[in-house]
Amino acid sequence: MDICKKFGKNIKKYRKKNGITQEELSNISGLHRNYISDVELGKRSISLKNIEVLSISLNIEITNLFKFEE
């Protein structure tokens, strides 16, 4: 699995752990819902700034987004 898919899987995991939809994460983060969907599916590479925005929006340490399970 490539890094974009692994990263997206973590975004989805923490979003669901927080009990929020992509739409709600979009509203919290200011990022478009389609963008969040593409990131979660590993279809889009994400900037460092947006990684920070999502970690803050999900209320998690940024390093958690880079802990990949095999």
Side-chain angles (χ1 to χ4, degrees):
M1 185 181 300
D2 76 18
I3 192 165
C4 291
K5 289 185 187 230
K6 290 177 183 178
F7 185 85
K9 188 175 176 183
N10 278 346
I11 293 291
K12 185 174 184 176
K13 175 178 80 172
Y14 286 108
R15 177 180 59 76
K16 288 189 172 223
K17 191 173 184 179
N18 283 329
I20 59 175
T21 65
Q22 289 179 345
E23 188 71 34
E24 290 168 322
L25 182 55
S26 172
N27 291 333
I28 294 165
S29 67
L31 301 173
H32 196 278
R33 192 201 60 78
N34 290 340
Y35 177 80
I36 291 170
S37 175
D38 284 350
V39 168
E40 285 187 1
L41 293 172
K43 292 182 177 179
R44 200 181 274 250
S45 186
I46 185 170
S47 71
L48 290 172
K49 181 62 181 162
N50 286 343
I51 291 170
E52 179 184 44
V53 167
L54 287 174
S55 72
I56 291 167
S57 299
L58 292 167
N59 197 31
I60 60 170
E61 293 291 326
I62 201 167
T63 56
N64 289 340
L65 296 174
F66 294 96
K67 295 179 181 174
F68 305 131
E69 298 174 9
E70 293 299 322

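Hydrogens, waters and symmetry mates play no part in the numbers below; they use all other heavy atoms, side chains included. Note that the numbering runs from 1 along the sequence shown for the chain.
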Between [atom1] on residue [X] and [atom2] on residue [Y], distance to nearest 0.5 Å:
X	Y	atom1	atom2	answer
K43	D38	NZ	CG	6.0 Å
I28	R15	CD1	CZ	11.0 Å
E23	I36	CD	CD1	8.5 Å
C4	L41	SG	CG	11.5 Å

From CA spacing to verdict: side-chain contact (heavy atoms from CB on, under 4.5 Å), S26, L31: CA-CA 5 Å; S26 172; L31 301 173; 5.7 Å; no

To check you understand the geometry: which heavy-atom pair defines the closest contact between [X] and [Y], and what is its length?
X	Y	answer
T21	E24	N-OE1, 2.7 Å
K67	N64	NZ-OD1, 3.2 Å
S57	L25	CB-CD1, 3.8 Å

Donor-acceptor side-chain pairing of Y35 and N50 below 3.5 angstrom: yes

Find out whether [X] and [Y] are in side-chain contact, i.e. whether some heavy atom of one side chain is under 4.5 Å from a heavy atom of the other.
X	Y	value
Y14	L54	no
I11	I46	no
I56	E52	yes
F7	I51	yes
I20	L58	yes

Neighbour count >12 (heavy atoms, 6.0 Å) for atom NZ, K13: yes

Single hit among Q22, K12, K9 for side chain to side chain donor-acceptor pair (under 3.5 Å) with E40: Q22

